[in-house]
Amino acid sequence: MSDEADMDRVIPFRAEEPFPSVTEARVTPGELSAKARQLRDEGGRMQMVYARWKESRRLELRYLVSYPKPRGFGVWVVEPGRRKVPSLADIWPLIGWSEREVTDLFGFAFADHPEPFRLVLHKDAKADVPPFDPRAGDTPITVSGERRTVPAVGGDEADVQLLPYGPVRADVVESGEFLFFYLGEHILHYHPQLFFKHRGMEKRFEGLAPQAGTVLAERVSGVGSVAHALAYCQAVEAAAGCIIPKRAASLRVLLAEMERAYNHLHYLGHLADTTTLKVGQAEGRLLEERVKQLNARLTGSRFLRSVLKPGGLRRDLLPKSWLPDELEAIREEAARYAQLLGDTDSYLDRLITTGPLPRKVAFDQGATGPIERASGIDRDLRRDFPYAAYADLPLTVPVETAGDANARFKVRAAEIDASFVLMQRVLLLLPDGEVDTECRPAPGTHGLGWAESPRGTLFYAVHVGPDGRLERVKIKSPSFSNWRVFPFTVHDSNMMDYAINEASFGLTIAGCDR
């Protein structure tokens, strides 16, 4: 759709049929809070806010919301000009991080924000011009040698201890600093400081041809290569109004579920490791490796890269003759493995009641994917806003209600089996035909794409500039959402359970930092 087109019209998501709709409406800053409350009262959900510069240095805020069925997604477009825009974090706490990200990267502050602190840029980082300001260019961000101070939280100040853990941690774990305020082994307060290796991935898209952006999307988070590429391609396809061939849509589902399977098997192995089950860790990693070897045999890439493109696939895949038997063999072993873990008393003792996330906190703070489903929130984009060929396939969405580490384990274990069933169904029904169609968005168009990654909801918003190249690409990743939620399960817990709790969330820092 053109940026200059009329608002309040339906913009179809044209990547595949059937597709939900995306509506756009202009909203004034004065109307914003009332609309946010109305969305909450109607049972909808705020997803994110992001900013983009329009011509003549006009800043535009775009709020992505999901309405109750059958309305689909909506975008509220706000042009603040010189007016103040109220923070919506008191109404929708989950949007607090998105607003802080806009403030850090665009220099736009929201009025009455309940957490008016830096998020992406650390306290000692100094930028003469915000990184996304058109005047920024290659202006460096300098970092002083000063170490920030954090006030003690709770208890007698003389008794409360502060443990700053990181940003360099053991093994090959991603960089992040975690501040623990504790008494003995009791954690009073926990604060994760992320974005130490922020790579400016959204900025890197600017100026690329839309067809070339897939390569970059696949590298935003290595273990989510398919999900990121899929959401990106669907956003470009929505901007171009193209419909991909049915065979390509089905093969996209196959690739997405193969990615889900190896991620969840890695998760089970890692969780077993944190509970000191070394044999359980080894078996989980072995099953993960076997799926990755199938990935390489099918596509040439263990991480399933260089297959997706706007318009379909780069090349056809021919899995029907050999893949079903291989998948069934791994499925049977994975089911046995998950059952053994679930029958191990020492494993369950460490998971049950660890890191409980109440349903209301999960909803208010924006939990997504297996995390929200383990807390009783039944949401899955594959079913609720179907894309690719998901609308034509039977989909099981496991849900638990306890909200603890054991519930998160059970959801992922059930999703592994459901993914293998789904892959077999895709192979059984795989249609013949082409896997690619011409898909080039016109200058001045934009589109929204989404995917249910192994870690939850993932959005890409793509804006094409007047020269036909990418002008703005916004990524809302599931780990960005779940890292915001995670501290609520750590406060008032204990040090001995921390590693298990973090492993049960299956977080990635790369996906959050971007």
Visitor: Among side-chain atoms of Glu24 and His446, is any donor-acceptor pair under 3.5 angstrom?
Guide: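 Indeed, the side chains of Glu24 and His446 share at least one donor-acceptor pair under 3.5 Å.
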Visitor: Tell me whether Glu202 is salt-bridged to Arg472, with the criterion being a basic N under 4.0 Å from an acidic carboxylate O.
Guide: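 Looking at Arg472 together with Glu202, the answer is yes, because their closest N to O distance falls below 4.0 Å.
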Visitor: Just wondering, do Tyr232 and Leu216 contact through their side chains at under 4.5 Å, heavy atoms?
Guide: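 Answer no - side chains too far apart.
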Visitor: Would the distance check show the side chain of Glu400 and the main-chain N or O of Gly376 forming a donor-acceptor pair, the cut-off being under 3.5 Å?
Guide: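 Flag not set: sc Glu400 to bb Gly376 has no pair under 3.5 Å.
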Visitor: Under 3.5 Å, is there a donor on one side chain and an acceptor on the other for Ser419 and Glu257?
Guide: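 Side chains of Ser419 and Glu257: pair found under 3.5 Å.
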Visitor: For the residue pair Leu59 and Ala51, what are the closest heavy atoms and their distance?
Guide: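 Heavy-atom minimum between the residues: CD1-CB, 4.0 Å.
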Visitor: List the residues meeting ring pair (Phe, Tyr, Trp, His ring centres under 6.0 Å) with Phe110, not counting sequence neighbours, and say none if there are none.
Guide: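 Phe108.
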Visitor: Indicate whether any N or O donor in one side chain lies under 3.5 Å from an N or O acceptor in the other, for Glu288 and His266.
Guide: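 Result is yes, a qualifying pair exists.
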Visitor: Using modelled atom types and a 3.5 Å cut-off, is there a donor and acceptor pairing between side-chain atoms of Arg455 and backbone atoms of Gly369?
Guide: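 No, the answer is negative, given that no donor and acceptor are paired below the 3.5 Å cut-off.
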Visitor: Report yes or no: do Arg408 and Ser504 form a side-chain donor-acceptor pair below 3.5 Å?
Guide: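 Yes.
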Visitor: To the nearest 0.5 Å, what is the distance between CG on Asp384 and OG on Ser66?
Guide: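 That separation rounds to 9.0 Å.
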Visitor: Dump the intermediate steps for side chain to side chain donor-acceptor pair (under 3.5 Å) on Arg305 and Ser225, then the final yes or no.
Guide: CA-CA 6 Å; Arg305 293 175 180 165; Ser225 292; 3.0 Å; yes
Visitor: May I ask you to check whether over 12 heavy atoms, not counting those of Glu434, lie within 6.0 Å of atom CD?
Guide: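 Open.
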Visitor: Establish, yes or no, whether a centroid distance under 6.0 Å links the rings of Phe73 and Phe459.
Guide: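 Ring centres of Phe459 and Phe73 closer than 6.0 Å.
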Visitor: Fit a plane to each ring of Tyr460 and His228, take the angle between them on a 0 to 90° scale, and name the class: parallel (under 30°), tilted (30 to 60°) or perpendicular (over 60°).
Guide: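 Ring orientation of Tyr460 relative to His228: perpendicular.
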Visitor: For this output row, return yes or no: ring centroids of Trp97 and Phe480 closer than 6.0 angstrom.
Guide: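 Judged by ring-centre distance (under 6.0 Å), Trp97 and Phe480 do meet the cut-off.
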Visitor: Is there a donor in the side chain of Arg359 and an acceptor in the side chain of Ser375, or the other way round, less than 3.5 Å apart?
Guide: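 Not at all, the side chains of Arg359 and Ser375 share no donor-acceptor pair under 3.5 Å.
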Visitor: Under 4.0 Å between a Lys/Arg side-chain N and an Asp/Glu carboxylate O for Glu115 and Arg484?
Guide: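 So Glu115 pairs with Arg484 through a salt bridge.
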Visitor: Testing the 3.5 Å rule here: is there a donor-acceptor pair between the side chains of His122 and Gln193?
Guide: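 The answer is yes; a qualifying pair exists.
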Visitor: With a 3.5 Å distance limit and no angle check, can you tell me whether Lys292 reaches the backbone of Phe303 through a side-chain donor-acceptor pair?
Guide: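 Such a contact is absent between Lys292 side chain and Phe303 backbone.
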Visitor: How far does NE2 of His198 sit from CG of Asp513, to the nearest 0.5 angstrom?
Guide: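 Between atom NE2 of His198 and atom CG of Asp513 there are 7.0 Å.
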Visitor: Any side-chain heavy-atom pair from Leu298 and Leu254 closer than 4.5 angstrom?
Guide: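 Yes, side chains in contact.
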Visitor: Taking all atoms of both residues into account, what is the closest heavy-atom pair of Pro29 and Pro80, and its distance?
Guide: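 Looking at all heavy atoms of both residues, the closest pair is CG-CA, 4.4 Å.
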Visitor: Are side-chain N/O atoms of Ser306 and Ser301 paired as donor and acceptor at under 3.5 Å?
Guide: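 No, no side-chain donor-acceptor contact under 3.5 Å.
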Visitor: With the threshold set at 4.0 Å, does a side-chain nitrogen-carboxylate oxygen contact exist between Arg290 and Glu333?
Guide: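 The answer is yes: the pair qualifies as a salt bridge.
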Visitor: Mind listing the closest non-hydrogen atom pair of Ala338 and Ala413 along with its distance?
Guide: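 In terms of heavy atoms, the two residues are closest at CB-CB, 4.0 Å.
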Visitor: For the residue pair Arg412 / Asn263, report whether a side-chain donor-acceptor contact shorter than 3.5 Å exists.
Guide: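 No, Arg412 and Asn263 have no side-chain donor paired with an acceptor closer than 3.5 Å.
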Visitor: Report the C-alpha separation of Glu415 and His264 in whole Å, then their side-chain angles, then the decisive distance to 0.1 Å, and conclude whether the side chain to side chain donor-acceptor pair (under 3.5 Å) test is met.
Guide: CA-CA 8 Å; Glu415 284 190 6; His264 284 356; 2.8 Å; yes
Visitor: Side chains of Gln424 and Leu327: does their closest heavy-atom pair fall under 4.5 Å?
Guide: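 Yes; the side chains approach each other to less than 4.5 Å.
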Visitor: Whether Arg247 and Asp316 form a salt bridge (side-chain N of Lys/Arg under 4.0 Å from carboxylate O of Asp/Glu) is what I want to check.
Guide: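 Yes, this pair counts.
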Visitor: Checking Arg425 against Phe420: charged group under 6.0 Å from the ring centre and within 45 degrees of the axis?
Guide: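 No, a cation-pi geometry is absent between Arg425 and Phe420.
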Visitor: Under 3.5 Å, side chain of Arg514 to main-chain N/O of Gly200, donor-acceptor pair present?
Guide: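 Pair absent, no side-chain N/O of Arg514 close to backbone of Gly200.
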Visitor: Could you check whether any side-chain heavy atom of Leu88 comes within less than 4.5 Å of a side-chain heavy atom of Tyr63, counting everything from C-beta outward?
Guide: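 A side-chain contact under 4.5 Å exists here.
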Visitor: Starting at CG of Leu251, measure out to OG1 of Thr299 and round the result to the nearest 0.5 Å.
Guide: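 If we round to the nearest 0.5 Å, Leu251:CG and Thr299:OG1 are 11.5 Å apart.
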Visitor: Find the distance between CG (Leu470) and CZ (Phe205) and round it off to the nearest 0.5 Å.
Guide: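 So the CG of Leu470 and the CZ of Phe205 are separated by 7.5 Å.
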Visitor: Calculate, to the nearest 0.5 Å, the distance between atoms CG and CZ belonging to Leu287 and Arg331 respectively.
Guide: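 Leu287 CG to Arg331 CZ: 14.0 Å, rounded to 0.5 Å.
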Visitor: So do the side chains of Thr437 and Ile243 get within less than 4.5 Å of each other, counting heavy atoms only?
Guide: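 They are not in side-chain contact.
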Visitor: Between Asp104 and Val120 (side chain of the first, backbone of the second, donor and acceptor by atom type, cut-off under 3.5 Å), is there such a pair?
Guide: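 Checking the backbone N and O of Val120 against the side chain of Asp104, a donor-acceptor pair under 3.5 Å is found.
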Visitor: Has Arg469 got a side-chain atom pairing as donor or acceptor with Pro443's backbone, closer than 3.5 angstrom?
Guide: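 Looks like no, no N/O pair under 3.5 Å.
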Visitor: Decide yes or no for Arg383 and Tyr390: does some side-chain heavy atom of the first lie under 4.5 Å from some side-chain heavy atom of the second?
Guide: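 Result no, sub-4.5 Å side-chain heavy-atom pair not found.
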Visitor: Okay, side chain of Ser477, backbone of Gly511: is any donor-acceptor separation there less than 3.5 Å?
Guide: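 Indeed, once roles are kept as given, a pair shorter than 3.5 Å links the two residues.
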Visitor: Would you call Lys54 and Glu60 a salt bridge, using N to O less than 4.0 angstrom?
Guide: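 Counted as a salt bridge, because a side-chain N and a carboxylate O are separated by less than 4.0 Å.
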Visitor: Would Arg45 count as a cation-pi partner of Trp92, with NZ or CZ less than 6.0 Å from the six-membered ring centre and within 45° of the ring normal?
Guide: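 The answer is no; the distance or angle limit is not met.
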Visitor: To check you understand the geometry: which heavy-atom pair defines the closest contact between Cys439 and Val236, and what is its length?
Guide: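 Where Cys439 meets Val236 most closely, the heavy atoms are SG-O, 4.3 Å.
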Visitor: Mind listing the closest non-hydrogen atom pair of Val49 and Val102 along with its distance?
Guide: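 Scanning both residues, the minimum pair turns out to be O-CG2, 4.0 Å.
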Visitor: Sequence neighbours excluded, which residues qualify as side chain to side chain contact (heavy atoms under 4.5 Å, CB included) partners of Ala510?
Guide: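 Only Glu174, Arg199 meet the side chain to side chain contact (heavy atoms under 4.5 Å, CB included) criterion with Ala510.
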Visitor: Not counting sequence neighbours, which residues clear side chain to side chain contact (heavy atoms under 4.5 Å, CB included) with Gln38? List them please.
Guide: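 Result, side chain to side chain contact (heavy atoms under 4.5 Å, CB included) vs Gln38: Glu42.
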Visitor: Just by modelled atom types, is the Arg379 backbone N or O under 3.5 Å from a matching donor or acceptor in the Arg373 side chain?
Guide: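 Flag set: sc Arg373 to bb Arg379 pair under 3.5 Å.
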Visitor: Do NZ/NE/NH1/NH2 and the carboxylate oxygens of Glu206 and Arg52 come within less than 4.0 Å?
Guide: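 So Glu206 does not pair with Arg52 through a salt bridge.
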Visitor: Keeping the roles fixed (side chain from Glu237, backbone from Gly311), state whether a donor-acceptor pair exists under 3.5 Å.
Guide: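 Flag set: sc Glu237 to bb Gly311 pair under 3.5 Å.
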Visitor: Set out, in order, the CA-CA distance, both residues' side-chain angles and the distance that settles side chain to side chain contact (heavy atoms under 4.5 Å, CB included) for Lys474 and Met48, then state yes or no.
Guide: CA-CA 10 Å; Lys474 171 61 186 172; Met48 67 172 172; 4.0 Å; yes
Visitor: Find out whether Asn295 and Val291 are in side-chain contact, i.e. whether some heavy atom of one side chain is under 4.5 Å from a heavy atom of the other.
Guide: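 They are in side-chain contact.
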Visitor: If you measure only the distance, is there a donor-acceptor pair under 3.5 Å linking the side chains of Thr368 and Ser481?
Guide: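 The criterion, which ignores hydrogens and geometry beyond distance, is not satisfied for Ser481 and Thr368.
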Visitor: Please check this pair: side chain of Ser479 against backbone of Thr508, looking for a donor-acceptor N/O pair closer than 3.5 Å.
Guide: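 Yes; at least one donor-acceptor contact below 3.5 Å.
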Visitor: Going from CG on Leu458 to CG on Leu381, what distance comes out if it is rounded to the nearest 0.5 angstrom?
Guide: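 One gets 9.0 Å once the value is rounded to the nearest 0.5 Å.
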Visitor: I want to check something: taking the side chain as every heavy atom from C-beta on, are Tyr50 and Glu101 in contact at a cut-off of under 4.5 Å?
Guide: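 Counting from C-beta outward, Tyr50 and Glu101 never come under 4.5 Å.
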Visitor: Flag yes if more than 12 heavy atoms outside Lys197 fall under 6.0 Å of its NZ atom; otherwise flag no.
Guide: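 Result for NZ/Lys197: open.
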Visitor: List the atom of Leu308, the atom of Val226, and the distance in Å for their closest heavy-atom pair.
Guide: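 Answer, listing the atom of Leu308 first, then Val226: CD2-O, 4.1 Å.
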